[in-house]
Every structure is written in C-alpha cells, then in structure tokens.
Amino acid sequence: GGDGEPNYFTDLELYKRHATLRDFAETGAAAAVAARLMESRTATFLYDQLFVKHASNAYARNASTPWHADGSYWAVRGKQIASVAIALDDHDAP
C-alpha cells in the first residue's frame, strides 16, 4: 500500500546471528515473566521473529496490527505456551 515503499520488514531467527538477542531470549526478564505466567520453573525458547513497520511509509505508520493468536502457526501443543511481544520505537540519542 501507499507510496511504493515496503509496508514492513520481517526476519526470523535473529538469535542465531546475534548473541545479545539470544542471551535476552534465553535468560532475560521476558523469559522469567513467561515462565511465571505459565506457573513453570522454566521457559523454553522456540524462535524469534522481527517485524518492522517503516515510519516513513504513511500506510504502515497508520496501520494497526489486529489482535491475533500465534498458536495456530506453531507445531507445539500444550497449555503452558507463551508468546512475548516487545514494541520498540525509534528515539534520538541524548
């Protein structure tokens, strides 16, 4: 849509290429919170996916991402399954 620029960019399995992301996924606060919400001592990391909506693209900037359930896309079953989404915005460095 919009002005010919891509509406968004996506990438998978960044943890395989970026040690900092791997460390965050496996031992960061999000893993601990997911385990606690599932009433489990641990959480096992499945995969990561990055979505970037380009702010310079008016269509992407104004588009909302509707509520959805990721579970139907995963080849896992069980009741202790959590998905963590972290929204980040650009900011000017001080």
Side-chain angles (χ1 to χ4, degrees):
D3 52 15
E5 293 180 27
N7 295 330
Y8 68 91
F9 167 80
T10 187
D11 196 2
L12 291 169
E13 300 180 335
L14 282 87
Y15 75 96
K16 291 181 178 180
R17 301 183 304 270
H18 302 281
T20 301
L21 292 174
R22 181 175 48 256
D23 291 343
F24 176 78
E26 293 176 348
T27 63
V33 170
R36 188 166 184 178
L37 289 171
M38 294 184 297
E39 299 179 346
S40 177
R41 292 186 322 272
T42 62
T44 301
F45 177 73
L46 178 63
Y47 84 108
D48 67 76
Q49 186 166 7
L50 171 73
F51 291 98
V52 177
K53 288 173 38 171
H54 298 283
S56 62
N57 180 299
Y59 179 84
R61 183 177 56 248
N62 294 318
S64 64
T65 303
W67 182 260
H68 63 283
D70 292 324
S72 62
Y73 302 105
W74 301 338
V76 296
R77 290 195 303 216
K79 295 185 187 245
Q80 291 180 302
I81 299 171
S83 177
V84 176
I86 301 172
L88 304 172
D89 287 322
D90 286 337
H91 67 89
D92 294 327

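For the atom pair I81 CD1 and L46 CG, the distance stands at 9.0 Å (nearest 0.5 Å). Atom-to-atom distance recorded for L21:CG and L50:CG is 8.5 Å, nearest 0.5 angstrom.
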Can you give me every donor-acceptor pair (side chain of residues 25-44, partner residue at least two apart or in another chain, under 3.5 Å) with its distance?
unit_1: T27; atom_1: OG1; unit_2: D23; atom_2: O; d: 2.7
unit_1: S40; atom_1: OG; unit_2: T42; atom_2: N; d: 3.2
unit_1: S40; atom_1: OG; unit_2: T42; atom_2: O; d: 2.8

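Residues passing the side-chain hydrogen bond (donor to acceptor under 3.5 Å, both in side chains) test with E13 are K16, sequence neighbours excluded. In this structure, the ring pair (Phe, Tyr, Trp, His ring centres under 6.0 Å) partners of F45, at least two apart in sequence or on a different chain, are Y15. Evaluation of the side chain to side chain contact (heavy atoms under 4.5 Å, CB included) rule for F51 yields Y8, T10, Q49 as partners, not counting sequence neighbours. Considering only residues two or more places apart in sequence or on other chains, F24 meets the ring pair (Phe, Tyr, Trp, His ring centres under 6.0 Å) condition with none of them. For R77, the side-chain hydrogen bond (donor to acceptor under 3.5 Å, both in side chains) test picks out no residue, with sequence neighbours left out.
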